There are 2 protein chains.
Amino acid sequence: MARTPDQFWSKSHIRVWVGHEVLGIDPVNQRIDVVDSDGHHRREPYDQLLIATGSLPIWPEIDNIRSAGVFSVKTLSDGEAIRAWIEEQRPKRALVAGGGYIGLEMADNLAHWGIPVTLIEQGKQLMASMDEEMARDLEPALQGLGVDVRLETRLEAVRSERGQVTGVIAGGQAIRADLLVLGLGVRPNSALARDAGLALGVQGALTVGPDMRTLTPHVWAAGDVVESFHRVSQRPVYMPLATVANKQGRIAGLNLAGGQEQFPGVVGTAITRVGGREVARTGLSTREAEEAGLSVVSQVIDTETKLSYFPDVAPIRVKLIAEAGTGRLLGGQISGGQGSAIRIDTLATALHYGMSVNDLLDLDLAYAPPFSDVWDPVQVAARVIGSKI
Amino acid sequence: MARTPDQFWSKSHIRVWVGHEVLGIDPVNQRIDVVDSDGHHRREPYDQLLIATGSLPIWPEIDNIRSAGVFSVKTLSDGEAIRAWIEEQRPKRALVAGGGYIGLEMADNLAHWGIPVTLIEQGKQLMASMDEEMARDLEPALQGLGVDVRLETRLEAVRSERGQVTGVIAGGQAIRADLLVLGLGVRPNSALARDAGLALGVQGALTVGPDMRTLTPHVWAAGDVVESFHRVSQRPVYMPLATVANKQGRIAGLNLAGGQEQFPGVVGTAITRVGGREVARTGLSTREAEEAGLSVVSQVIDTETKLSYFPDVAPIRVKLIAEAGTGRLLGGQISGGQGSAIRIDTLATALHYGMSVNDLLDLDLAYAPPFSDVWDPVQVAARVIGSKI
């Protein structure tokens with residue numbers, strides 16, 4: 001989208017071969033096996049190799065899943081294909097499988113197209129990366145758009161006629177749908193690297209150092225195909241997000257060109273908006289912190305995004321998660337109306353530096369009535385949790 | 001507003017005497033001279049004394065300044081008096097003197113009341129705490145509200161008839177106005193402390209330590225009457241803002257009750273909104289950094305608050321100011337449409353910890369199309385300035 005192969009060549013003397021598939025990597029002899037769109041095979045040598053094969057959407061292995069009218073949402077062409085299906089087939093009822101970012105955003109968008117939508121999620125709550133009390137308001141937000149939300153409902157089979165989807169079996173029930181959108185997550189597209197013997201880590205993502213080198217000489221990797229270091233849990237995690245991929249790509253590129261840069265890791269920040277409800281999270285959730293063996297104190301506060309006499313004031317709920325005893329900030333979550341979720345960036349910046357919740361009170365955050373109360377909502381939460389550490 | 005004297009007593013056993021004026025402080029004998037509203041004088045002993053006398057709006061010493069219809073804007077009663085004047089006198093033309101936060105916000109509000117407004121500012125730009133290229137868009141924003149903005153125009157005299165304001169002389173010209181609002185800044189209300197021999201610092205504000213003690217035994221002070229430590233310039237500054245006052249009051253209160261808390265200082269964050277234009281600043285401006293003897297590199301970038309296919313996308317301009325050679329972040333400023341200015345909090349948090357502009361690139365900030373581009377605008381600026389350090 002951003003540049004053509006010709007532009008790469010004329011601007012940067014980078015040769016781009018499109019329509020080429022890499023079939024194998026030979027790291028010992030430093031070469032790859034390639035086939036082009038005409039079916040011609042060849043071997044190409046490399047001095048340094050960067051693997052940036054990204055991720056693949058997860059398709060469950062269930063009956064009729066490959067029917068026409070079933071889509072995952074990963075690439076630009078996926079989006080174009082869904083739009084074409086809507087315009088040509090005029091679906092009467094859509095089913096979205098998965099209550100994460102993609103599922104929620106697709107349900108929101110399909111509802112805005114005027115298509116009746118059912119969203120199913122196998123877990124007990126939407127947005128599994130957030131704690132339940134912070135994800136809770138997403139369900140009424142979706143229902144407000146007319147979306148039929150069904151939790152604890154697993155996609156079991158697809159029903160089709162003449163190769164086209166007509167519905168699903170989910171949670172033991174038949175649900176009619178002539179458009180099925182899968183938002184069941186992604187997995188690293190690491191088969192090529194695995195077959196070449198590269199070391200795999202969390203969820204099959206490639207293990208890389210902070211300089212984005214793999215453990216195999218002359219081979220680098222970045223983006224959705226690699227694991228990341230989580231600065232709070234100090235463990236590798238799989239965090240296939242666009243921001244992370246962009247940052248890793250920049251570091252890998254600089255180092256391939258002779259630089260000495262390091263990717264310092266993630267704190268797990270993410271944000272989305274559904275039917276006017278904004279949610280965001282960073283760091284560890286209560287559940288993740290407990291799984292990491294940490295002793296956790298948390299606090300949820302409800303306040304408003306700005307002084308209440310403003311017409312565009314919105315509710316904001318902030319949750320802080322801290323380590324008992326030390327007060328170290330472990331994570332934060334926000335749910336609210338317009339202008340609430342972007343405040344997660346304050347917490348993400350604080351987490352990057354390992355602040356305590358008491359440190360949050362010292363931050364010189366912006367105040368004026370159209371923007372915040374005198375104590376920023378994040379600091380209101382910090383004040384309350386401070387007494388519990 | 002928040003609590004009555006009775007509530008203070010019943011909730012916290014704090015005795016509050018309203019209608020009492022302190023006439024003098026005797027720090028040697030640890031007592032104050034007080035007069036109550038009935039004119040009775042008495043002396044009160046103290047173990048510890050907190051001075052929280054705040055600030056006073058600046059009234060220039062010019063002809064007829066004390067005419068009816070001339071207001072400063074500091075207390076709730078100031079606001080009520082202005083409203084009463086508008087409702088009773090139906091002013092035909094308002095003049096606002098001063099192009100800082102108060103002046104801009106008052107011009108915006110008076111324009112929304114339907115009163116034609118002239119705003120005069122003696123400097124070459126509005127919002128003197130920001131650099132010119134970042135304050136520039138405020139003028140068209142005010143003009144869009146119908147405000148007549150006149151820069152390099154100093155308030156020289158007030159004209160009045162029968163004790164009521166009828167206009168001003170400003171920049172050598174007569175301007176008619178039957179409402180005059182002063183937004184010429186504030187000064188510390190420190191006369192009482194000065195007379196008691198307490199040490200004064202910047203702009204006559206009281207000198208205090210990080211624990212909010214003055215240099216005089218058993219006397220503490222907090223809020224608009226004291227100076228603050230600036231974490232970037234490492235110098236004392238006078239920063240009479242509500243957020244700072246609240247934080248200092250909390251620290252002073254905790255310490256008076258036996259605590260060991262410290263106020264770590266400010267980074268100079270401020271924000272406002274005028275006619276839909278949002279502006280914010282933190283740290284040092286280019287001018288302030290140069291005045292502090294620092295070698296400065298700066299960068300201004302123009303981008304958008306979110307992906308451009310959203311209907312509520314808005315322009316955002318970010319300026320970063322860094323130290324040449326080291327890349328240490330010295331300050332940041334933002335100007336833009338809805339949703340832009342609150343991002344100053346990321347920079348304020350980064351400044352608190354002494355980050356470099358390169359460190360900003362590492363932050364795991366939130367990305368989703370309704371909220372930001374993959375590289376947050378702050379990081380776009382950091383990328384560009386990085387090559388100039």
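A, B, ... follow the sequence lines: proteins, then strands. Residue 1 opens every chain. The analysis underlying the following values was restricted to heavy atoms, covering all of them including side chains, and did not include hydrogens, waters or symmetry mates. If you're wondering where the values come from, they're calculated on a predicted model, not measured in any experiment.
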Discussion item. Evaluate B:Asp108 against B:Arg273 for salt bridge (Lys or Arg N to Asp or Glu O under 4.0 Å), listing each step before the verdict.
Written reply: CA-CA 9 Å; B:Asp108 183 322; B:Arg273 180 173 80 178; over 6 Å; no
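For A:Ala280, no part lies under 4.5 angstrom from a heavy atom of chain B. Using a 4.5 Å cut-off between heavy atoms, A:Leu347 makes no contact with chain B at all. With a 4.5 Å cut-off on non-hydrogen atoms, B:Ile251 does not touch chain A at all. When heavy atoms are compared at a cutoff of 4.5 Å, B:Arg343 approaches chain A solely by way of its side chain, counted from C-beta outward. Within the 4.5 angstrom heavy-atom criterion, only backbone atoms of B:Thr272 (N, CA, C, O) approach chain A. Contacts of B:Arg383 with chain A are made by side-chain atoms alone, with heavy-atom separations under 4.5 Å and no backbone atom involved.
Of the listed residues (B:Pro264, B:Ala368, B:Ala348, B:Ala242), the one with the most heavy-atom contacts under 4.5 Å to chain A is B:Pro264. The candidate from B:Asp359, B:Val374, B:Asp376 with the greatest count of non-hydrogen atom pairs under 4.5 Å with chain A is B:Val374. Per-residue counts of heavy-atom pairs under 4.5 Å with chain B were compared for A:Val378, A:Ile342, A:Leu365; the largest is that of A:Leu365. Interface check for chain A: of the options B:Ile344, B:Asp362, B:Thr346, B:Asn358, the most heavy-atom pairs under 4.5 Å are formed by B:Asp362. Taking A:Met239, A:His352, A:Lys247, A:Gln379 one by one and counting their heavy-atom pairs under 4.5 Å with chain B, the maximum is reached by A:Lys247.
When only modelled atom types and interatomic distance are considered, A:Thr269 and A:Thr282 share a side-chain donor-acceptor pair under 3.5 Å. A side-chain N or O of B:Ser55 and one of B:Lys74 form a donor-acceptor pair less than 3.5 Å apart.
Separating the OG1 atom in A:Thr243 from the CD atom in A:Gln248 is a distance of 9.5 Å, to the nearest 0.5 Å. From B:Phe229, atom CZ reaches atom CZ of B:Phe263 across 11.0 Å, with rounding to the nearest 0.5 Å. Atoms CD and CG, from B:Gln333 and B:Leu320 in turn, are 10.0 Å apart once rounded to the nearest 0.5 Å.
Checking side-chain atoms of B:Lys306 against main-chain N and O of B:Phe371 turns up no donor-acceptor pair under 3.5 Å. Not a single donor-acceptor pair under 3.5 Å links the side chain of A:Asp137 to the backbone N or O of A:Arg277.
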